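One structure is given here, and the rest of the page talks about it.
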Amino acid sequence: MKIILTHEVSGLGTAGDVVDVKDGYARNYLVPRGFAIRWTKGGEQDVAQIRRARKIHEIATIEQANEIKAKLEGTKVRLAVRSGDAGRLFGSVTPADIASAIKAAGGPDVDKRRVELGSPIKTLGSHQVSVRLHADVAAKLGVEIVAA
């Protein structure tokens, strides 16, 4: 099935790309979550609009991405969340929580869709998080989860 990506999807493409995927992947995952729309002949206008919006929000150069990476890796991020007695969290820490914690710690503004968690964070302690700033630049960030 041919689709137009509306958001960046790891391993598939960026917003505005027209890609072919299996029917079930598009129908059951990408389209319902708003990551893609079905391709139509009139959809070419949508592609141009999505690409213009992407250019506004994207980090233009690798040098700019490396500057932001240096700021991020120098930032100490601490996030206080509710937890039980054994150190397990009530729920989990989301990419949106981490993006707001980075901003609260004095770091640069980071889009929550650029924060990548290896697995859901459900325990207290230190965790490694990756922030994808550019196609070739990703910052590794240490996040300390503490009890509230």
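A quick note: this is a predicted structure, and the numbers were derived from the prediction, not measured.
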Considering only residues two or more places apart or on different chains, which pairs with a residue in [range] satisfy side-chain hydrogen bond (donor to acceptor under 3.5 Å, both in side chains)?
range	answer
residues 21-40	Trp39-Glu44
residues 73-87	none
residues 92-101	Thr94-Asp97

Measuring from atom [atom1] of [X] to atom [atom2] of [Y], what distance do you get when rounded to the nearest 0.5 angstrom?
X	Y	atom1	atom2	result
Glu8	Asp111	CD	CG	9.5 Å
His7	Thr14	NE2	OG1	12.5 Å
Lys122	Leu89	NZ	CG	9.0 Å
Ile68	Arg114	CD1	CZ	9.5 Å

message = Let's go through Glu116 and Arg132 carefully: what are the C-alpha distance in whole Å and the side-chain angles of both, what is the deciding distance for side chain to side chain contact (heavy atoms under 4.5 Å, CB included) to 0.1 Å, and is it a yes or a no?
response = CA-CA 7 Å; Glu116 295 178 341; Arg132 194 174 9 88; 2.6 Å; yes
Distance-minimising heavy-atom pair for [X] and [Y]:
X	Y	result
Ala147	Leu124	N-CD2, 3.7 Å
Ala138	Ser130	CB-OG, 3.9 Å
Pro95	Leu117	CD-CD1, 3.9 Å

ask   = Quick one: salt bridge (Lys or Arg N to Asp or Glu O under 4.0 Å) partners of Asp20, sequence neighbours excluded?
value =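 With neighbours one apart ignored, the set is empty.
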Counterpart residues, side chain to side chain contact (heavy atoms under 4.5 Å, CB included), relative to Ser119 (two or more places apart) =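 Ser119 satisfies side chain to side chain contact (heavy atoms under 4.5 Å, CB included) with no other residue.
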Examine [X] and [Y] and state if one hydrophobic cluster contains both, with Ile, Leu, Val, Met, Phe, Trp and Tyr joined whenever side-chain heavy atoms are less than 4.5 Å apart.
X	Y	value
Val110	Leu141	yes
Val137	Val131	yes
Val77	Leu133	yes
Val31	Leu12	no
Ile4	Val21	no

ask   = Members other than Phe90 in its cluster, when Ile, Leu, Val, Met, Phe, Trp, Tyr link by side-chain heavy atoms under 4.5 Å?
value =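 Phe90 clusters with nothing; isolated.
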query = So, does Ser126 use its side chain to make a donor-acceptor pair with the main chain of Ile145 at under 3.5 Å?
reply =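 Such a contact is absent between Ser126 side chain and Ile145 backbone.
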request  = Using atom types as modelled and distance alone, determine if a side-chain donor or acceptor of Thr123 lies under 3.5 Å from a backbone N or O of Gly87.
outcome  =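 Not a single qualifying donor-acceptor pair exists.
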message = Walk me through whether Ile3 and Ile37 qualify under side chain to side chain contact (heavy atoms under 4.5 Å, CB included).
response = CA-CA 6 Å; Ile3 59 169; Ile37 56 174; over 6 Å; no
query = What do the steps show when you test Ile98 against Val93 for side chain to side chain contact (heavy atoms under 4.5 Å, CB included), and what is the final call?
reply = CA-CA 7 Å; Ile98 293 172; Val93 176; 3.7 Å; yes
request  = Tell me, with the steps shown, if Lys69 and Lys140 meet side chain to side chain contact (heavy atoms under 4.5 Å, CB included).
outcome  = CA-CA 8 Å; Lys69 177 182 176 181; Lys140 296 289 183 187; over 6 Å; no
